Peer 1: 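First the structure, then my questions, so here it is.
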There are 2 protein chains.
Amino acid sequence: MGLRIGPAGPSFPIVNTRRAQILDAAAVLIGRQGYSATSIDDVIKESRLSGKSHFYHYFRSKEELGFEVLDRQFERFAERGLAILREPMIDPMERLSLFIDSLVAAHAERGCHGGSPFGTLAAEMSDAHEGFRLRIAQVFVRWASQIQSLLWEARPRLHDDVDALRLSRFIIAALEGGLMMSRVKRDITVLEGIALDLKRFIAIHLREPEGVASKRRDVANA
Amino acid sequence: MGLRIGPAGPSFPIVNTRRAQILDAAAVLIGRQGYSATSIDDVIKESRLSGKSHFYHYFRSKEELGFEVLDRQFERFAERGLAILREPMIDPMERLSLFIDSLVAAHAERGCHGGSPFGTLAAEMSDAHEGFRLRIAQVFVRWASQIQSLLWEARPRLHDDVDALRLSRFIIAALEGGLMMSRVKRDITVLEGIALDLKRFIAIHLREPEGVASKRRDVANA
DNA sequence: CAAATACTGGACTGTATGGTCCTACAGTCT
DNA sequence: AGACTGTAGGACCATACAGTCCAGTATTTG
């Protein structure tokens with residue numbers, strides 16, 4: 001475990017570098033093919049391991065690999081994707097909009113392949129493997145709570161009766177559904193349209209009628 | 001092929017009754033476990049076939065079975081689930097609301113298991129099998145066009161700038177995402193909340209601001 | 001009755017899989 | 001030099017799977 005490479009190499013311990021490589025390779029494969037369809041041999045080939053025993057030196061089982069891939073995937077997502085939601089210098093509602101845009105952009109970059117790793121895994125494993133189901137449920141809980149924090153921060157601009165938990169779940173559901181549909185159609189405009197509508201829905205929770213959503217609403221009711 | 005049952009039975013040929021049984025059994029299994037995780041042997045056991053050769057008497061391959069299960073699943077859905085959308089005696093927007101409720105109720109009845117067969121299959125097969133991907137994409141196209149017809153029918157009550165295609169896709173995406181999240185959490189209230197928000201979103205497309213209770217139709221348009 | 005037709009049931013092939021085990025080599029430490 | 005350790009590489013096992021083949025048995029039909 002305390003492995004270091006020689007004096008020519010970096011001085012920090014590269015413990016688990018191999019492990020990390022395996023995790024990364026497996027994340028790509030699982031994201032593309034799903035968990036069951038990704039074999040240990042695939043992972044070995046992709047991460048240039050020497051053989052099965054080498055793999056099993058780092059992981060006790062395929063399940064352990066899968067769990068850690070999922071954990072890592074969410075950490076990455078929290079650090080990179082969800083980070084926008086916490087940017088302190090940007091208006092909260094603006095951040096939410098940027099976050100949605102970033103998801104759309106990432107999906108476009110992938111050529112509408114792969115969708116959401118969490119949604120894909122959820123569909124595959126929810127009824128097949130309780131351990132995965134619980135971990136994926138946790139992922140969505142944490143994702144939703146990030147959005148809730150943002151909503152809480154923006155509460156002066158929101159109507160009093162906004163249910164932050166419900167709204168955060170709705171946002172995630174629309175995005176996940178949009179990713180799935182855009183993926184199956186291989187058409188980014190599907191997701192773009194959903195993102196647009198989603199933003200309009202978010203906008204109706206604002207106190208003052210806002211630009212994007214201003215469809216000349218006849219506020220003259222009452 | 002020309003099998004008939006005796007004089008006591010119906011006089012029409014019950015050709016393909018066995019086939020239909022297999023399809024039904026396979027639909028249940030595939031809906032629960034996915035396509036890859038459902039083996040031919042599972043299907044044989046579930047539909048009480050005598051052996052592999054018997055199965056291959058009706059289907060050329062597992063792929064053929066999968067395709068027909070998907071087709072059948074959508075036909076069923078169009079006849080039963082989507083039928084509400086076409087009820088001529090009910091107000092269009094009311095129908096849409098009832099349709100959403102029926103999906104929620106069906107999911108509750110299943111104990112939040114299984115989710116949407118189309119969404120599940122889409123997640124599993126979109127990047128793995130082009131044939132399935134195309135068929136599933138078609139399913140969503142047809143589903144969306146049913147909603148568009150309804151929206152077209154209701155257009156006097158809708159704002160002029162309502163994009164029926166986009167809205168229909170959004171509705172499906174939210175429902176699919178909601179089913180997925182509700183399934184992974186095993187919590188029907190997740191889907192209920194999403195259904196509620198979805199209805200609110202739909203409501204903002206109406207010309208007259210609609211109260212939750214006010215079902216008053218100003219038919220006096222034109 | 002006899003031929004054709006459908007159903008039954010299992011043996012078998014080839015491939016893929018998760019997982020274990022064993023041997024061999026290279027470098028390190030004493 | 002000799003013990004120890006991590007890496008390599010592969011043989012191996014048990015299981016599962018899609019798909020084929022065939023031999024035997026009802027059942028119908030000419």
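From a predicted model like this one, the values you see are computed outputs, not experimental measurements. Every chain is numbered from 1, with letters handed out A, B, ... down the list of sequences.
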Peer 1: From C-beta outward on B:H57, which listed nucleotide comes closest to its side chain: C:dC7, D:dA18, C:dT17?
Peer 2: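 Closest nucleotide to the B:H57 side chain: C:dC7.
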Peer 1: Among side-chain atoms of B:Q21 and B:S47, is any donor-acceptor pair under 3.5 angstrom?
Peer 2: no
Peer 1: D:dA18, C:dT8, C:dT17: which one has an atom nearest the side-chain heavy atoms of B:H54?
Peer 2: C:dT8
Peer 1: Within 45° of the six-membered ring axis of B:F67 and under 6.0 Å from that ring's centre, is NZ or CZ of B:R135 located there?
Peer 2: yes
Peer 1: Could you check whether any side-chain heavy atom of B:I147 comes within less than 4.5 Å of a side-chain heavy atom of B:L82, counting everything from C-beta outward?
Peer 2: no
Peer 1: Can you find a donor-acceptor N/O pair under 3.5 angstrom joining the side chain of A:K62 to the base of C:dG18?
Peer 2: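 Side chain to base: no pair below 3.5 Å.
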Peer 1: Quick one: is C:dC7 close enough that its OP1 or OP2 comes under 4.0 Å of any side-chain N or O from B:Y58?
Peer 2: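 For C:dC7, OP1 or OP2 has a side-chain N or O of B:Y58 closer than 4.0 Å.
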Peer 1: What nucleotide among D:dA8, C:dT8, D:dG19 has an atom nearest to a side-chain atom of A:S53?
Peer 2: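 That would be D:dA8.
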Peer 1: For the pair made of CZ in B:R48 and P in C:dG9, what is the distance, rounded to whole Å?
Peer 2: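 Answer to the nearest Å: 13 Å.
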Peer 1: To the nearest Å, give me how far apart NZ (B:K52) and P (C:dT13) are.
Peer 2: 14 Å
Peer 1: Are B:E124 and B:H129 side-chain neighbours, meaning at least one heavy-atom pair lies under 4.5 Å?
Peer 2: no
Peer 1: Go through C:dG19, D:dA8, D:dC17 for me and flag the one nearest to the A:Y56 side chain.
Peer 2: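 My answer, after comparing the listed nucleotides, is C:dG19.
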Peer 1: Which nucleotide wins on minimum distance to the side chain of B:I40, given the candidates D:dG19, C:dG18, C:dC7?
Peer 2: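 Of the candidates, D:dG19 comes closest.
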Peer 1: May I have the distance from A:R60 (atom CZ) to C:dT20 (atom P), rounded to whole angstrom?
Peer 2: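 To the nearest whole Å, that distance equals 11 Å.
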Peer 1: Measure the CG-CG distance between B:L191 and B:L198 for me, rounded to the nearest 0.5 Å.
Peer 2: 10.0 Å
Peer 1: Looking at B:I30, B:L23, B:L65, B:V28, which hits side-chain contact (heavy atoms from CB on, under 4.5 Å) with B:V43?
Peer 2: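 Exactly one candidate clears the test, B:L65.
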Peer 1: In whole angstroms, how far is the P atom of C:dG19 from the CG atom of A:L49?
Peer 2: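 Atom-to-atom, A:L49 to C:dG19, this comes out as 15 Å.
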Peer 1: Are a donor atom and an acceptor atom from the side chains of B:D41 and B:S39 found within less than 3.5 Å of each other?
Peer 2: no
Peer 1: NZ of A:K45 versus P of D:dG10: gap in Å, rounded?
Peer 2: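 Going from A:K45 (NZ) to D:dG10 (P), I get 13 Å.
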Peer 1: Please state how far atom CD1 in A:I44 lies from atom P in D:dT7, giving the value in whole angstrom units.
Peer 2: 15 Å
Peer 1: Picking from D:dG19, C:dG19, D:dA8, which would you name as closest to the side chain of B:S61?
Peer 2: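 Out of D:dG19, C:dG19, D:dA8, the nucleotide with an atom closest to B:S61's side chain is D:dG19.
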Peer 1: Would you say a side-chain N or O of A:R18 is under 4.0 Å from OP1 or OP2 of D:dA8?
Peer 2: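 For D:dA8, OP1/OP2 do have a side-chain N/O of A:R18 under 4.0 Å.
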Peer 1: Is the shortest side-chain heavy-atom distance between A:W143 and A:E176 below 4.5 Å?
Peer 2: yes
Peer 1: With heavy atoms under 4.0 Å as the rule, sort B:T38 into base, sugar-phosphate or nothing.
Peer 2: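 Answer is sugar-phosphate: B:T38 comes under 4.0 Å of backbone atoms only.
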Peer 1: Five pairs at each end of the helix from C:dC1-D:dG30 to C:dT30-D:dA1: take the axis at both ends and give me the angle between them to 10°.
Peer 2: 10°
Peer 1: Report the nucleotide, chosen from C:dG9, D:dG10, D:dT20, that has the shortest atom-to-atom distance to any side-chain atom of B:S50.
Peer 2: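 Between C:dG9, D:dG10, D:dT20, the one nearest the side chain of B:S50 would be C:dG9.
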Peer 1: Grab the CZ-P distance between B:F55 and C:dG10 for me, whole Å please.
Peer 2: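 Distance check: B:F55 CZ to C:dG10 P gives 18 Å.
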